[in-house]
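Note that the coordinates shown come from a computational prediction; the quantities given were computed from them, not determined experimentally. Reckoned from all heavy atoms, side chains included, excluding hydrogens, waters and symmetry mates.
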Protein chains: 2
Amino acid sequence: MQKVAEFTEITPTAPIVATVHGGRAKCLQRLIRLDLPVPRTVAIPFDSVRAIAQGHLPDLEGILEIFGPRPIVSVRSSAETPDWGGPGAILNIGMNDAVTAELAETIGTEAAEALYLRFIRAYALNVARLGDDFLQEAAGGVAAALQAYEAEMEEPFPQDPRLQLAEVLRSMARAWEGTTARLLRQARGAPADAGLGFVIQEMALGIGPAESGSGVIQFVSSETGEPAIIGRYLSQSQGRDALDVPGGALYLTRDPRGPSLEDLAPDAFRKLLEFGATARRGLREEMQIEFTIAAGKPHVIDAVRVPRSSRAGVAIVVRLVRDGIIPREEAILRTEPASLAELLHPQVEKDAPKKVIARGIAASPGAATGRLVFTAAAAQAAAAQGDKAILVRRETGPEDIRGMHAAQGVITERGGMTSHAAVIARGLGLPCVAGAGLRIDFKRRRVIADGHVLSEGDIVTVDGTHGEVLEGAVETRNPALDEAFQELMGWATEFADMKVRANADTPADARVAKNFGADGIGLCRTEHMFFQGDRLTVMREMIFTDEPADRRAALERLLPMQRDDFVELFHIMQGLPVCIRLFDPPLHEFLPHTRDGMRELAEALGKGINDVERRVEELQEFNPMLGLRGVRVGITVPEIYDMQVRAILEAAIISRRNGVPVVPEIMIPLVSAEREVELIRRRVEAVAAEVRADERCDVEFRLGVMVETPRAALRADDIADQSAFLSFGTNDLTQMTYGLSRDDAGRFMSAYVQQGVFREDPFHTLDIEGVGELLSIAASRARNRNAEIVLSVCGEHGGDPDSIAFCRRLGFDYVSCSPYRVPIARLAAARQTLADRLAESGRT
Amino acid sequence: MQKVAEFTEITPTAPIVATVHGGRAKCLQRLIRLDLPVPRTVAIPFDSVRAIAQGHLPDLEGILEIFGPRPIVSVRSSAETPDWGGPGAILNIGMNDAVTAELAETIGTEAAEALYLRFIRAYALNVARLGDDFLQEAAGGVAAALQAYEAEMEEPFPQDPRLQLAEVLRSMARAWEGTTARLLRQARGAPADAGLGFVIQEMALGIGPAESGSGVIQFVSSETGEPAIIGRYLSQSQGRDALDVPGGALYLTRDPRGPSLEDLAPDAFRKLLEFGATARRGLREEMQIEFTIAAGKPHVIDAVRVPRSSRAGVAIVVRLVRDGIIPREEAILRTEPASLAELLHPQVEKDAPKKVIARGIAASPGAATGRLVFTAAAAQAAAAQGDKAILVRRETGPEDIRGMHAAQGVITERGGMTSHAAVIARGLGLPCVAGAGLRIDFKRRRVIADGHVLSEGDIVTVDGTHGEVLEGAVETRNPALDEAFQELMGWATEFADMKVRANADTPADARVAKNFGADGIGLCRTEHMFFQGDRLTVMREMIFTDEPADRRAALERLLPMQRDDFVELFHIMQGLPVCIRLFDPPLHEFLPHTRDGMRELAEALGKGINDVERRVEELQEFNPMLGLRGVRVGITVPEIYDMQVRAILEAAIISRRNGVPVVPEIMIPLVSAEREVELIRRRVEAVAAEVRADERCDVEFRLGVMVETPRAALRADDIADQSAFLSFGTNDLTQMTYGLSRDDAGRFMSAYVQQGVFREDPFHTLDIEGVGELLSIAASRARNRNAEIVLSVCGEHGGDPDSIAFCRRLGFDYVSCSPYRVPIARLAAARQTLADRLAESGRT
């Protein structure tokens with residue numbers, strides 16, 4: 001059957017559908033329904049545009065008839081979603097020698113020729129695909145352009161409007177099929193078979209007598225989302241000339257800097273304000289309106305969503321709610337959780353005094369200050385001592401990942417937005433300036449930039465939002481949690497039926513979490529507490545001791561410090577739940593790995609360096625991820641957990657005495673067998689009994705398990721018998737389910753994602769089919785045995801919206817994620833609740 | 001309710017049950033039913049013995065009445081299983097002054113006093129618990145003994161048989177409850193609440209007139225299981241005196257070395273032969289019979305299974321089948337698979353000339369020859385070059401495990417049967433001599449033993465069966481696969497409904513596998529093929545090459561060598577299936593790790609040492625087990641698999657031309673996603689198409705997946721769509737399911753098993769609850785999607801009887817294990833089939 005291209009005039013009742021005719025066609029119909037002065041418009045659906053690309057033209061005569069006896073029209077793309085793009089608009093189709101002569105009588109020769117010339121040039125460039133030669137030759141005006149066209153094409157410029165329209169449609173339809181256009185829109189999220197529609201619209205002539213011209217107007221700031229009349233207007237212009245043509249454009253409102261539309265055409269200006277208000281209420285969205293004033297009368301040509309920053313996005317939906325235009329649910333559903341990311345990082349204070357040392361690519365947003373280090377190892381060493389480091393590298397590779405984890409910010413000499421450093425830094429939420437204009441002198445451990453010389457240990461600030469490296473510590477301000485943001489988050493909390501906690505190890509983390517409205521701490525890793533200053537020495541002594549009594553003595557010295565850590569955390573969280581994971585890393589992480597470090601340790605311990613070396617060697621592991629860590633350390637060196645549990649319980653008692661009641665949650669890491677839980681439970685209960693006796697008061701706690709091994713997931717029934725909660729550590733669980741070390745996967749992860757082996761990096765978005773399956777099996781087995789059990793996910797998936805949606809479907813009680821991702825998670829949780837509610841109400 | 005001790009006379013129809021009265025009581029009843037001359041016997045059940053221990057005695061009068069007016073009896077233990085032990089027998093209860101005087105009239109004073117004295121001494125030692133003093137004082141005879149007893153006990157020796165019996169019963173019942181006895185029997189596999197019964201038997205007096213005496217007889221060799229009349233007889237003795245009392249015992253059959261029972265009492269001897277034949281046929285087992293000849297008449301006192309070596313065990317059951325006494329099924333069910341282990345290792349040739357350098361503990365059986373090395377690294381290096389190494393260490397630790405894997409045998413200076421070296425060597429099937437009497441001088445790399453000095457590289461032979469270190473290469477003989485063994489294995493194959501293949505990487509492995517009746521090769525690891533001599537250099541060149549074309553060129557040189565490897569394997573296996581796993585290890589395993597090695601490589605490659613160091617560093621991994629290996633190498637460096645697949649297919653074509661048709665199985669390792677299989681499948685098919693075109697003939701193959709990650713198990717449905725077979729690599733699957741590196745687990749595994757965290761080492765016996773669950777999920781999902789799919793287990797669990805039983809329940813097609821375990825696996829598979837068949841027929 002021969003394909004036939006169809007068309008429909010857009011009237012209030014015409015069957016126009018966004019997925020058939022495109023978003024622009026639909027939007028224009030909505031404007032028409034609002035009785036706004038939209039010029040007569042015809043829509044051509046996707047299928048017909050495809051037919052046109054294959055040579056099946058629509059009834060051109062029929063289309064042009066709609067526009068009357070002397071049609072002058074534009075053709076615009078109408079993709080399903082405006083973001084997907086499409087070929088640019090072509091205006092003034094229908095202009096030819098005769099029409100120009102006729103129009104000259106009413107609007108003057110100059111105006112008429114301007115309209116004709118615009119069309120000839122657009123047609124020559126976009127349809128006939130002529131180039132620079134033509135433009136040069138055509139510079140003289142209509143006659144020169146017609147001549148140049150004929151010279152290049154060896155035929156005269158087409159005079160028949162039907163032929164003109166046919167060629168424009170065919171050219172635009174084919175452009176959509178081109179490889180470049182296809183790749184471009186796929187990069188923006190369009191499917192491979194995305195369709196394109198056309199809208200053909202009668203021209204409102206912005207060129208002509210009285211006040212004529214065109215412009216763009218919107219009623220809020222794209223930056224802040226605050227109300228403001230923003231846009232430009234250019235007399236005697238068409239389309240978006242007011243934005244594109246340099247010089248001559250007017251302000252819209254009265255402005256001291258120059259003339260304005262409000263002065264020039266106050267009636268038209270007032271009309272535009274009315275149109276704006278109507279469109280906002282009618283379309284339930286802040287719109288940017290493209291308008292034309294034809295002989296003093298404003299027309300609405302087109303409208304799109306106001307482009308907006310993340311911050312403005314939040315402000316806009318909140319104001320739409322306040323104005324009663326949309327319900328709060330819709331504000332939540334309209335806000336993409338990921339878009340909040342840039343709001344949530346500290347930024348360099350706008351007006352702070354600063355000295356830029358180097359500029360590069362703003363590869364990952366946020367700001368951080370620290371001491372320059374040149375190797376990943378140095379960054380880790382700094383972190384171990386509680387120092388903040390900025391890692392500077394020529395470029396980064398997989399071997400730097402651990403160092404990046406440990407650093408506050410990253411600077412690279414080479415590379416761009418898609419370099420290893422940039423990708424990893426964005427994933428970690430670290431500010432990063434890539435390809436910074438500086439030179440690294442590794443031998444001397446210094447950086448030369450713009451005449452400055454910085455040495456290892458010098459303090460710098462990385463401004464990843466603006467791509468600048470700044471000298472010294474520059475003032476930063478915390479995330480912009482303005483009123484609108486807080487209001488939106490309030491609604492999110494109200495709608496979400498799943499809580500969001502934060503992974504917070506330090507008081508600083510805990511404060512951020514509290515500030516972002518976390519419902520508690522879901523994962524407090526305690527090991528960093530052992531790396532600080534003196535504590536490390538004590539740890540090492542303990543490791544070098546073979547007798548339990550001596551180990552206990554060494555740990556005794558750590559007890560008050562640990563207790564103070566917990567008291568502070570409980571205080572910050574003000575009674576919200578705090579889940580503390582018992583000691584997890586392998587002991588060898590605490591030992592020195594250089595000969596110098598070993599000598600120092602030998603001196604401190606009064607031992608020979610050979611003893612130290614031997615012990616370090618003994619403790620080394622082939623696969624530390626799968627070695628003696630987590631509960632395995634807890635069982636083989638039980639004194640560590642004993643000390644930690646005592647510190648936790650004593651801290652809880654102190655907190656309660658200070659008026660902050662807390663029931664601490666104690667979590668056992670890396671469990672793979674029920675009996676591990678049983679053994680630890682017994683010791684925990686023994687310590688609790690001792691503490692109760694010593695303190696002469698009761699103390700409550702909840703004991704649970706971190707599910708990180710596939711086996712723990714499969715045996716969740718038996719484990720649930722003995723646990724108040726299970727929290728899925730999906731980082732490790734992903735590593736073990738795939739047999740894939742996160743630290744080593746960087747070497748081939750990008751190749752794997754490119755070849756579609758993994759749809760996405762499973763450390764980024766939870767692998768629903770594999771890891772998710774284990775979560776699902778575990779959840780149902782655990783609940784079967786212990787209906788009261790609290791289930792959650794901690795680990796970085798806790799902050800990923802898709803992963804959160806999955807956890808919600810499994811009915812988890814909460815997710816826990818890094819403090820800066822708490823708002824994103826809260827929003828994602830709320831959206832999922834609402835989306836599911838909608839889906840359910842749709843079904844019933 | 002007061003407990004009452006009960007008793008039952010053993011008659012052919014009495015309700016005697018092994019689990020109530022013990023194995024000895026039951027065995028005696030069976031002998032009685034065979035009409036053998038067993039003296040009158042009474043059984044006391046477990047519950048009653050427990051009551052006796054608590055002071056509730058049975059009706060002593062009633063018991064003694066059974067034995068007539070002048071009862072003389074023995075009491076023996078009757079545990080459920082003879083292995084569990086029990087207090088020793090006490091004879092001649094009932095002897096007192098009056099009975100002695102009375103007996104003296106019929107059998108003479110000397111004989112009567114001998115009986116009395118024996119009882120007094122046994123009573124004093126075991127019931128009254130008198131010690132050495134008493135023995136000394138009692139040495140003079142009955143009168144002295146009675147006096148000594150009275151002196152020690154301050155009361156006369158009890159004369160009332162009821163009192164004598166009561167005390168004996170009480171004493172023996174209490175001994176069973178003692179801690180030592182309990183621990184001892186638990187170590188032999190008895191449950192904590194194992195019961196003990198008693199048998200009270202009329203004494204057939206081996207002391208007295210005419211030919212009287214006692215002895216033990218059996219009708220096969222305990223060593224070989226071959227028919228032979230073996231035992232001893234002692235005139236004028238009781239019980240097992242013939243074995244225990246030095247001097248005076250006779251041979252049974254006519255013997256040039258001395259007098260024999262056959263000479264002395266030919267009638268009684270003939271009778272005993274008849275009894276033996278009757279017992280063997282009636283009890284359906286080779287029995288060792290305890291007999292007494294009383295005044296020329298032989299009595300059967302007791303009988304137990306003939307103790308037997310593994311080899312004898314096989315010979316005995318096979319002969320019972322041949323004689324029509326038991327069916328073949330029972331022969332299979334009676335043979336413990338694990339008992340075959342010692343039959344299957346090479347042994348030092350008995351008569352080979354040899355020079356013992358050192359003797360130690362025979363810690364792990366078998367014999368091996370190789371060059372002495374002093375470090376695990378040296379053992380690995382030797383293995384990499386195809387050399388055989390014997391690792392000698394002061395003692396071994398977790399850091400030596402990889403070296404032990406690579407060595408042929410292990411010698412330690414220190415440690416015993418339960419030392420690290422011993423335990424690990426037995427697990428690996430490596431011969432090991434522990435605590436060998438030698439001294440290691442590590443600095444000079446030499447061993448000083450018994451005046452000999454051996455240096456690194458010297459050849460020695462380890463005889464782990466006899467605990468000897470031998471100089472040079474000593475002749476060894478292959479496992480004793482005698483006729484009986486072959487016959488038993490034939491039956492096993494007939495009954496088993498699951499095949500057994502071998503994991504064989506080399507022609508030598510393959511020959512052993514074929515010899516042991518493997519049904520094919522289930523896992524041929526190809527990586528060792530790349531470590532040999534020249535090949536390693538080529539591999540390194542390939543690793544240092546960035547261009548696919550250069551990599552192909554390097555690999556091109558390996559192709560003919562790989563092809564020859566496969567041609568040889570196919571030839572050895574003679575058309576049986578061979579499953580070849582594609583390249584699996586991380587590339588960095590092929591790079592040198594010492595500075596010397598790097599310099600050599602730099603020279604070979606014409607590069608700077610810094611380049612080499614950098615590349616080595618780049619390729620290092622934090623967790624190699626979870627890194628870039630297996631199919632991940634196959635996808636990122638596809639030229640390696642291309643070469644291997646071509647080598648396999650060309651080898652198959654060559655084999656077919658040589659008259660050995662083979663359909664090679666190609667296995668993809670470490671899969672975690674369906675798409676990995678898809679990508680490899682496409683390349684394999686492309687290579688196959690090329691080979692078909694080049695060789696102008698068709699070639700078949702089967703492509704399958706090694707399931708080693710939990711994710712592959714969970715996604716077995718999608719993977720099965722594209723696979724002809726799935727083989728579960730349970731070693732790695734166990735590592736990932738537990739999050740436990742086998743190389744690192746040694747550090748805490750024994751503590752974990754001791755504390756009951758893991759019931760057993762999950763690398764030894766398949767963890768049914770966790771890993772088994774994944775196997776079960778995967779099997780059902782895979783079959784759902786692809787009913788034809790072939791399922792199997794490779795890895796060391798393939799040789800473990802319990803794991804095999806589990807695989808059979810899941811309906812797997814085969815298991816694959818190390819060649820030396822093939823017979824064990826075949827037997828285990830047959831037993832499981834038979835056991836299940838029995839259970840089913842029991843149900844229906």
Side-chain angles (χ1 to χ4, degrees), chain A residues 397-399 402 586 617-628 630-633 635-636 670 672-676 678-679 708-715 718 732-733 735-745 747-748 751-752 755-759 762 767 769-771 773-774 777, chain B residues 397-399 402 586 617-628 630-633 635-636 670 672-676 678-679 708-715 718 732-733 735-745 747-748 751-752 755-759 762 767 769-771 773-774 777:
Chain A
E399 66 281 8
R402 292 195 163 188
E617 202 185 303
E618 267 177 24
L619 285 174
Q620 260 167 17
E621 296 184 302
F622 297 106
N623 295 286
M625 176 63 55
L626 307 177
L628 180 49
V631 68
R632 298 164 192 167
V633 174
I635 285 176
T636 50
L670 205 73
S672 64
E674 174 195 1
R675 172 102 172 130
E676 289 169 325
E678 194 184 320
L679 290 173
E708 297 162 279
T709 65
R711 195 172 191 282
L714 292 166
R715 306 298 305 159
D718 291 336
D732 275 14
L733 193 57
Q735 300 198 79
M736 290 167 193
T737 305
Y738 275 92
L740 185 62
S741 153
R742 190 175 188 181
D743 290 324
D744 299 310
R747 207 182 294 283
F748 57 93
Y752 254 49
Q755 297 190 50
V757 182
F758 299 159
R759 218 170 303 155
D767 157 46
E769 296 184 336
V771 180
E773 177 87 16
L774 282 178
I777 290 173
Chain B
E399 67 281 6
R402 290 194 164 189
E617 203 186 303
E618 267 177 21
L619 285 174
Q620 259 165 17
E621 295 184 302
F622 297 105
N623 294 287
M625 177 61 55
L626 308 176
L628 179 50
V631 69
R632 298 164 190 166
V633 174
I635 285 176
T636 50
L670 206 73
S672 65
E674 174 194 0
R675 172 100 172 131
E676 289 169 326
E678 194 184 320
L679 290 173
E708 296 162 278
T709 66
R711 195 173 192 280
L714 293 166
R715 307 298 306 158
D718 291 337
D732 275 13
L733 193 57
Q735 299 198 79
M736 290 168 193
T737 304
Y738 275 91
L740 184 62
S741 153
R742 189 176 189 180
D743 291 324
D744 300 309
R747 207 183 294 282
F748 58 94
Y752 253 50
Q755 297 191 49
V757 182
F758 299 159
R759 216 169 307 154
D767 157 45
E769 295 184 336
V771 180
E773 178 86 18
L774 282 177
I777 291 173

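Contact annotation for R632(B): both backbone and side-chain heavy atoms come within less than 4.5 Å of a heavy atom of chain A. E708(B) does not touch chain A: none of its heavy atoms, backbone or side chain, sits under 4.5 Å away. With a 4.5 Å cut-off on non-hydrogen atoms, L679(B) touches chain A through its side chain but not through its backbone. Proximity to chain A involves both the backbone and the side chain of E621(B), based on heavy atoms less than 4.5 angstrom apart. With a 4.5 angstrom heavy-atom cutoff, T636(B) touches chain A only via side-chain atoms. Of the two parts of D732(B), neither the backbone nor the side chain holds a non-hydrogen atom closer than 4.5 Å to a non-hydrogen atom of chain A. Neither the backbone nor the side chain of A745(B) comes within contact range of chain A; no heavy atom of the residue lies under 4.5 Å from a heavy atom of that chain. Both the backbone and the side chain of L626(B) come within less than 4.5 Å of a heavy atom of chain A. Neither the backbone nor the side chain of L733(B) comes within contact range of chain A; no heavy atoms are under 4.5 Å apart. With a 4.5 Å cut-off on non-hydrogen atoms, V633(B) does not touch chain A at all.
Side chain of R675(A) to main chain of Q755(B): a donor-acceptor pair is present (N/O by atom type, distance under 3.5 Å, no hydrogens or angles).
Comparing L619(B), T709(B), N623(B) by how many heavy-atom pairs each has under 4.5 Å with chain A, the most go to N623(B). Ranking L670(B), D767(B), L774(B) against chain A, the residue ahead of the rest is D767(B), based on heavy-atom pairs under 4.5 Å. Contacts with chain B were tallied for M736(A), Q620(A), E674(A); M736(A) has the most, counting heavy-atom pairs under 4.5 Å. Interface check for chain A: of the options A713(B), G770(B), P624(B), S741(B), the most heavy-atom pairs under 4.5 Å are formed by S741(B).
In this structure, CZ in F622(B) is found 13.0 Å from CZ in R742(A), a value given to the nearest 0.5 Å. With values rounded to the nearest 0.5 angstrom, I777(B) atom CD1 is found 4.0 Å from I777(A) atom CD1.
Between E773(B) and R711(A) there is no salt bridge, since no side-chain nitrogen of the basic residue lies less than 4.0 Å from a carboxylate oxygen of the acidic one.
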